There are 2 protein chains.
Amino acid sequence: MTTTELGLAEALVRLSHAVQHVFTDVSRENDLTPQQAQLLCVLAAQPLGMTELSRRLHLEKSSLTGLVDRVERRGLAERVRDGKDRRACQIALTDEGTELAVRTHNAVTARIGALTGDLPAATQSHVRAVLDALTK
Amino acid sequence: MTTTELGLAEALVRLSHAVQHVFTDVSRENDLTPQQAQLLCVLAAQPLGMTELSRRLHLEKSSLTGLVDRVERRGLAERVRDGKDRRACQIALTDEGTELAVRTHNAVTARIGALTGDLPAATQSHVRAVLDALTK
DNA sequence: TATTGTTATACTCTATAACTATA
DNA sequence: TATAGTTATAGAGTATAACAATA
C-alpha cells in the first residue's frame, strides 16, 4: 500500500508550511526578510564564500550578490577578501549580525518547541531521530 | 531537560528547508514560481475569496492581487464574481490550472515519498500521526 | 461604519546573460 | 580554459497606505 507513504509526505509538506510561517513571522519581528534571516542563520555557524553560499541556499550567485549587499549595507555582515585567492571572498557576520542571527534562531526554535513541548519525551526523540535520518 | 525539545525543533526546521527545496524544484519544472504553485495547490481543494486566500497564505490582500493577476493572465485561474455580495469574488482554477495543481502536488509528494519510502511502515504512520497532531 | 478587493508606490528577491579579474 | 564573483536587465513577490464599491 502507498497510503502510508503519501500520508506522510503530505504531513511533511503541511508541517513545512507551518514552520515557514513561524520563520517568516520571527524574521519580521526582527526586522529582517526571511531570506536575510536564513542567510544570517547559515553564516552564524561559519563564514562562507559566495559559491558555497549559493549552493547551500539554492540560489544563483547573481541573486546572492544583492542579498549580501543589503545585509552588508545594514552592517550585519562583511565581505572579507581572501588572502590566497584574490577573486574570492568570505562573507562573515559582524557582531550585530551574529547577535541577530542567534536571536532569530532562538525565537524560531522556541516557538516551534512550544508546539512540540506537549509531546512525550520518548516521542520527541524518536521523531527527531527519524527526521535527522531524512535530512542527513 | 530541554535538549530533546530543541533538537526536535531544529530537526523540523532542517526538514522544512528540505521540503521547501523540493517544492521549489518541482514548481520550476512545471514552469511556475513556488508562490504560484502554492496558490494553485490551495485552490485545488476549492475556490476561495481573496480575504480567505490571504489568511491561508499569510499574505496581504494587496500582495495577492498581483499573484492572482499573473495566474489569471496565464489562464490557470479565474475571478468569478459572487452573485450575492457584489464586492466579492471567488478564485477558481481553470481545467488547465487544476491539471497543473494536481501534477505539481503529485510530483512533490512522490519526491518526498521517495525519501521516506525506506522507513518501516509502522514508523511512517507513527511519525505521520505526530505531525498531523502538530499542524492540526 | 465595516468589509471586499484594488491601485499606487517602493523595495526585495530571483534568474539569465554577459562581464571582469584571477587561477 | 576554468573559476569567483559582479553587473545589467527584467520580471515576480511583498508590504504600506490610500482608495472605490458594496454591505
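A, B, ... follow the sequence lines: proteins, then strands. Residue 1 opens every chain. Since the model is a prediction, treat every value here as computed from it, not as a measurement.
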Checklist outcome for this item: Quick tally for nucleotides 14-22 of chain D: nucleotides whose base has a protein heavy atom under 4.0 Å get B, sugar-phosphate-only ones S, the rest -, giving SBBB---BB

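- Between the side chain of Thr24(A) and the main chain of Gln20(A), a donor-acceptor pair closer than 3.5 Å is present.
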Checklist entry - What do the steps show when you test His105(B) against Glu10(A) for side chain to side chain donor-acceptor pair (under 3.5 Å), and what is the final call? => result CA-CA 9 Å; His105(B) 175 272; Glu10(A) 281 158 359; 3.3 Å; yes

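- Rounded to whole angstrom, the span from the CD atom of Gln90(A) across to the C1' atom of dG5(D) amounts to 13 Å.
- Straight-line distance from the CZ atom of Arg73(B) to the C1' atom of dG13(D): 13 Å, rounded to whole Å.
- The backbone N or O of Leu59(B) sits less than 3.5 Å from a side-chain atom of Ser54(B), completing a donor-acceptor pair.
- The pair Asp69(B)-Arg74(B) does not meet the salt-bridge criterion, since no charged nitrogen lies less than 4.0 angstrom from a carboxylate oxygen.
- Nucleotides of DNA chain C that come within less than 4.0 Å of any heavy atom of chain A span, from the 5' end to the 3' end, dT12(C) to dA23(C).
- Across all strands shown, Arg81(A) has no heavy atoms under 4.0 Å from either base or sugar-phosphate atoms.
- Across all strands, Thr33(A) comes closer than 4.0 Å only to sugar-phosphate atoms, never to a base (heavy-atom distances).
- Residues that satisfy the salt bridge (Lys or Arg N to Asp or Glu O under 4.0 Å) test with Asp82(B), not counting sequence neighbours, are absent from this structure.
- The interatomic distance linking Ile91(A) (CD1) with dA4(D) (C1') rounds to 11 Å, in whole Å.
- Although no hydrogens or angles enter the test, the distance criterion places no donor-acceptor pair under 3.5 Å between the side chain of Arg111(A) and the main chain of Asn106(A).
- For the 3.5 Å distance criterion, the side chains of Gln36(A) and Ser27(A) fail to qualify, holding no donor opposite an acceptor.
- The closest side-chain donor-acceptor pair between Glu78(A) and Thr94(A), if any, does not fall under 3.5 angstrom.
- At whole-Å resolution of the value, CD in Gln36(A) and C1' in dG13(D) are 14 Å apart.
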